[in-house]
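Worksheet: one structure, shown below.
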Amino acid sequence: MAATRSLFLTAAAVRAVTPWWGSRFLAASARPQLHREASSSSPEACEGQVHLTDSCVQRLLEITQGSEFLRLEVEGGGCSGFQYRFSLDTVINPDDRIFEQGGARVVVDSDSLAFVKGAQVDFSQELIRSSFQVLNNPQAEKGCSCGSSFSVKL
């Protein structure tokens with residue numbers, strides 16, 4: 001997608017710890033009403049949702065501007081068979097599901113949602129890296145130590 005800016009490891013690390021856009025909040029804009037879901041980090045919430053942690057919401061509010069949102073995709077690859085891919089995007093496709101909490105938005109396409117439904121998206125800051133991560137994914141059987149690769153339950 002031309003409107004997608006990929007968050008490569010080095011860029012993600014720099015961007016995660018450097019608030020280069022300041023603390024801008026998402027501007028109110030006319031957005032398509034496509035499968036919009038209110039998300040929460042409580043385990044009682046619907047199983048088909050993607051939940052956002054407070055640290056994820058906070059970081060997204062810091063780095064996104066205007067109509068930007070975090071896109072979560074699952075693609076083949078990685079050391080366990082599948083891997084998570086995060087990017088900032090502005091284009092919402094007809095098959096996308098929008099999960100919104102506290103003004104922050106995470107968008108997942110319908111194919112990827114089958115692999116992450118019920119999971120949490122978190123933002124983690126460590127000494128060696130800062131990144132968005134998928135946690136507590138009920139669809140994943142095991143994952144790699146890097147946290148970005150997983151195998152699915154059959």
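Proximity of Val106 to Gln101: side-chain heavy atoms (C-beta onward) are nowhere separated by under 4.5 Å. No side-chain heavy atom of Phe123 sits under 4.5 Å from any side-chain heavy atom of Leu60. Inter-residue side-chain proximity for Asp109 and Asn93 is flagged as unmet; no heavy-atom pair is nearer than 4.5 Å. Side-chain contact between Leu70 and Thr64 is absent, with no heavy atoms from C-beta onward closer than 4.5 Å. By the 4.5 Å heavy-atom criterion applied to side chains, Leu72 and Phe115 are not counted as neighbours. Side-chain contact between Gln49 and His51 is present, with heavy atoms from C-beta onward closer than 4.5 Å. In this structure the side chain of Ile63 reaches within 4.5 angstrom of the side chain of Arg59, judged on heavy atoms. Considering only heavy atoms from C-beta on, Phe86 comes within 4.5 Å of Val121 through its side chain.
With Ser112 contributing its side chain and Glu73 its backbone, the two residues share no donor-acceptor pair below 3.5 Å. Remark: side-chain polar atoms of Gln139 are paired, donor with acceptor, to backbone N or O of Lys117 under 3.5 angstrom. One N or O on the side chain of Arg71 and one on the backbone of Val91 form a donor-acceptor pair closer than 3.5 Å.
Aromatic rings from Tyr84 and Phe150 are positioned such that their centres are separated by under 6.0 Å.
No continuous path of hydrophobic side-chain contacts links Leu113 to Leu135 [ILVMFWY only; heavy atoms under 4.5 Å].
Here Asn136 pairs with Gln120 under the side chain to side chain contact (heavy atoms under 4.5 Å, CB included) rule; sequence neighbours left out.
Atoms CZ and CD1, from Arg105 and Ile92 in turn, are 4.5 Å apart once rounded to the nearest 0.5 Å. Here the CG atom belonging to Leu88 is positioned 9.0 Å from the CZ atom belonging to Phe69, to the nearest 0.5 angstrom.
Contact between Asp122 and Ser55 at its shortest, heavy atoms only, is OD1-OG, 2.6 Å. Between Ser124 and Glu126 the shortest heavy-atom distance is OG-OE2, 3.4 Å. Heavy-atom minimum distance, Ala119 versus Pro138: N-CD, 3.8 Å.
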